[in-house]
Amino acid sequence: MTDIPVLQTRALRCERDDRELFAGLNWCASAGEIWQIAGPNGAGKTTLIRILAGLHGFYDGSFTWPQWLQSDADPREKLLYLGHKAGLRDELTPLENLQWWLALHAQQADPMAALAQLGLAGYETVPCASLSAGQKRRVALSLLWIVDKPVWLLDEPFTALDADGVTLIEERLRQHAASGGLVIYSSHHRFDDAVRHVRLGGKQVELA
Amino acid sequence: MYFESFDAFLQMGKHGIYVWSAYGISALLIGLNIGLALRARTLARAEVIRLIRREALNVADSTD
Amino acid sequence: MLSAVWQTLTRWYHQWGSPRYFFQYSGVLLRWLWPLAIVATMTGLVWGLAFAPADYQQGDSYRIIFIHVPAASAALLGYVSMGVAGLVGLVWRMKMADIMIKAIAPFGAILAAVALITGAIWGKPTWGTYWVWDARLTSMLLMLFLYLGVIALINAIPDPRQAGRAASLLSVVGVINVVIVKYSVQWWQSLHQGSTLKVVGETAMPAEMLSPLLISMLGIYLLFACTVLVRARTEIMRRERKSQWLKEALQ
Amino acid sequence: MSFVATVKRELLLACRRPAEIINPLFFFVMVVAMFPLGVSPKAELLSVIAPGVIWVAALLAVLLSVEGLFRADHESGALEQLLVAPTNLYLPALAKILAHWLLTGLPLVLVGPLLGYMLHLPVSASSTLLLALLLGTPTLTAIGAIGVSLTVGLRSGGILLALLVLPLYVPVLVFGAGVVSYAANGLPVMGLLAILAALLLASLTLAPAAVAAGLRISSGG
């Protein structure tokens, strides 16, 4: 693992409705790590993830992806983002949703296998509207199996998941970190003591 | 002065009503706009000065 | 020589692009711009109203031109400058560009309304009715709608920075369309009414009518510029009220 | 790649919600049917106002149908996935505009001549009406998509969208209604149809870029 960090932020600061969410965030995340963005509600966890994903442009300071700077590839080719909304259209079936995502990420994979791994065998052609919230979250999380990207930005991945769903996702995150990927997720749930965290909402941003 | 008397100037040969109503409305609208702009500026400035004073107060409290 | 000009231009661009520099120097600029604007407007209007000769056809009702034409051209100029500011704001993400759009829009809309109202009032003695679907009045009406669209969009978006950027995009799209709208209205005019009723062609005006018109135009443009600077400073004060340099500037 | 996938997805989505396609059509027919009731049933008067009435009704129908273009994607979070994907946004935006026109604009075009006949428009003009609507409605959808990309996620979407977009619809309305009244009076129409085609090409090439920029701005970009 080279020592160049995957993500580097310098004095990242964000203000919304003239309330300062966080400031002076100098943070280095390198490959093989799992980072939890913790903090009370409204501390700016989602905003920070959206900034890193390139969805939110109003911030001060800067952040870069040093490893890909030379090849000036579009960072979005290395990023996988999952918002707290499932991102599925209720009228379509899980299969159709996943096929569209695959086309967007221009990747080839077998969505059926991914859905089966998430215990959704047999639900592939059922419109998402008739799935439960937990099942919809699983369909969204199947993105982690079918799209191969080094950096994962997950916003509240564990919401609406039952016990074995949570363990399934934890296992997948460890597996991804072990294989040299970087996982950044916002949640109240810290599933492993090896997980490092960025705590927002306090006077000072706390890195551990 | 093109007009013989001030009164002729007001009458403007039976077109006075149109000319003066046009200028009156324009002056009103433009004047209103500039007035609102100036008022908004003074309000914004007062807001900043109030913020400065409040911070000065906090600094004073925390040091003593 | 050219590179020197280019250097000064880019230097100005970066300087005036930063709210801090803009705030300082607009204060200085305003101090002498206001009196100039008021003097120019007063002389232009008084000259046009009291001293310029009457029009042989329309008598004195043509004197409305000294407010109608400046307002109409300032409204158009305002919209085009909003488009340019929008383009600069979108392409180079300049903070000042969004602020300028919010500063120009209100006065532009008022000027479009003034041009519309004075045009309608002028229509009464010349054409006998207040509203005639004349090509120029109709395109001025559409110009007012375009302005109202931008202002409505700015007010509808809570986050001021996002509102600025959305208004930038709308202004750019609007400017492209303003040209097409003007031509389509002119063609539409010829389709339905035959030749347009030329009120008073600017070029055909004798010198003693044209010079007051030019001066009042200059006056209205300067008034427009002053109000835009004032509104821009207000917007800067609103957005930067937590920053240190603003506090020192207002100490 | 993402263009074809997006078009396929849009068509699939529309088939799952057929009501979405029919509504603008009903609206179009109903608005046109109002005019004889409101103005007068006399043939000679109706035939004069027919081009304008049909075009204004088509314009409003497209405006109302385009308003929901991004709303479902925005609320479900699918729009964020589109913004984060590495593909350039131009093609998916174009795909959404074309798919949306195919589903809501095309029915208007096909029904147009029928309504023209209903308003006593001379039959000789109905082919020009069909062609003009065919060239005009995609332009309306494209321009409407720019407005909707800026108001997605705002509460006051509908009225605000109309305020933003209607002034931009004026050229299409003027030339569209103009070419039909030219045809009704037996005047040459090719020049005006060429202008409508030019407006169509300009808007189809420029609008997706504006829609892409608008979507990024609306998501906080």
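Lettering of chains follows the sequences in order, A, B, ..., and the numbering in each one begins at 1.
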S.K.: Side chain from CB out, backbone as N, CA, C, O: work out which of these in A/A106 comes under 4.5 Å of a heavy atom of chain D, or both, or neither.
M.R.: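 For A/A106, there is no contact with chain D at all, as no heavy atom is under 4.5 Å.
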S.K.: For the interface with chain D, which of A/E91, A/K85, A/E96, A/R89 has the highest count of heavy-atom pairs at distances below 4.5 Å?
M.R.: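 Between A/E91, A/K85, A/E96, A/R89, the count favours A/R89.
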S.K.: Can you tell whether the side chains of A/E20 and A/R16 come within less than 4.0 Å, N to carboxylate O?
M.R.: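 No, A/E20 and A/R16 are not salt-bridged.
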S.K.: Hey, which of D/V4, D/L83, D/D73, D/T6 has the most heavy atom pairs under 4.5 Å with chain A?
M.R.: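 Sorted descending by pairs with chain A, the first entry is D/D73.
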S.K.: Is A/D155 paired with A/K45 through a side-chain N to carboxylate O contact shorter than 4.0 Å?
M.R.: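 No, A/K45 and A/D155 are not salt-bridged.
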S.K.: Please tell me whether A/H176 and A/W152 form a close aromatic pair, meaning their ring centres lie under 6.0 Å apart.
M.R.: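 That pair passes the under 6.0 Å test.
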S.K.: Would you mind telling me which of A/I51, A/V147, A/L104 has the largest number of heavy-atom pairs within less than 4.5 Å of chain D?
M.R.: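 Winner by heavy-atom pair count: A/L104.
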S.K.: At a 4.5 Å cut-off on heavy atoms, which part of A/K149 comes close to chain D: side chain, backbone, both, or neither?
M.R.: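 Contact with chain D: side chain only.
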S.K.: Could you look at D/I217 and say if it's the side chain, the backbone, both or neither that has a heavy atom under 4.5 Å from chain A?
M.R.: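 Contact with chain A involves no heavy atom of D/I217 at all.
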S.K.: Heavy-atom count around D/I159 CD1 within 6.0 Å, excluding the residue itself: above 12?
M.R.: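 12 or below, so no.
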S.K.: Any side-chain heavy atom of A/R50 sitting closer than 4.5 Å to one from D/S219?
M.R.: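 They are in contact (side-chain heavy atoms under 4.5 Å apart), so the answer is yes.
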S.K.: Determine, for A/R13 against A/E15, whether the closest basic-nitrogen to carboxylate-oxygen distance falls under 4.0 angstrom.
M.R.: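 Salt bridge flag = yes for A/E15 with A/R13.
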S.K.: I'd like to verify something: which residue of A/L102, A/N97, A/L88 has the highest number of heavy-atom pairs under 4.5 Å with chain D?
M.R.: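 Option with the top pair count is A/L88.
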S.K.: Where does A/L153 contact chain D at under 4.5 Å (heavy atoms): side chain, backbone, both or neither?
M.R.: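 For A/L153, no heavy atom lies under 4.5 Å from chain D.
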